[in-house]
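The structure under discussion appears below in the form of structure tokens.
Throughout, numbering of the chain's residues begins at 1 and tracks the sequence.
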Amino acid sequence: MTVDGPRGAALAEQGRLPAERVALVDLLDRLLAGGVVVSGDLVLSIADIDLVRISLRVLIMSVREDLGEA
């Protein structure tokens with residue numbers, strides 16, 4: 001599939017993206033409001049012998065403090 005115009009416009013026509021532009025800060029706000037999980041594995045090895053294995057899982061989300069009456 002070849003796209004002559006901007007890729008975002010083609011995805012918006014297919015209904016896979018909103019037609020309006022979304023600012024990066026708005027996108028980050030939407031992602032952090034629901035939470036983002038990042039996971040990965042890191043393996044250090046020499047001659048196919050695993051020396052160190054690190055598994056990482058990180059949850060990133062925003063926290064809002066309710067500043068109402070106490």
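- Ile54 and Leu59 are members of different hydrophobic clusters when ILVMFWY side chains are connected at heavy-atom separations under 4.5 Å.
- Separation of atoms CG (Leu44) and CG (Asp50) is listed at 9.0 Å; rounding is to 0.5 Å.
- Residues Leu56 and Leu42 fail the side-chain proximity criterion, which asks for heavy atoms closer than 4.5 Å.
- Applying the under-4.5 Å side-chain rule to Ile, Leu, Val, Met, Phe, Trp and Tyr, the cluster around Val43 consists of that residue alone.
- In this structure, the side-chain contact (heavy atoms from CB on, under 4.5 Å) partners of Ser55, at least two apart in sequence or on a different chain, are Asp41, Arg53.
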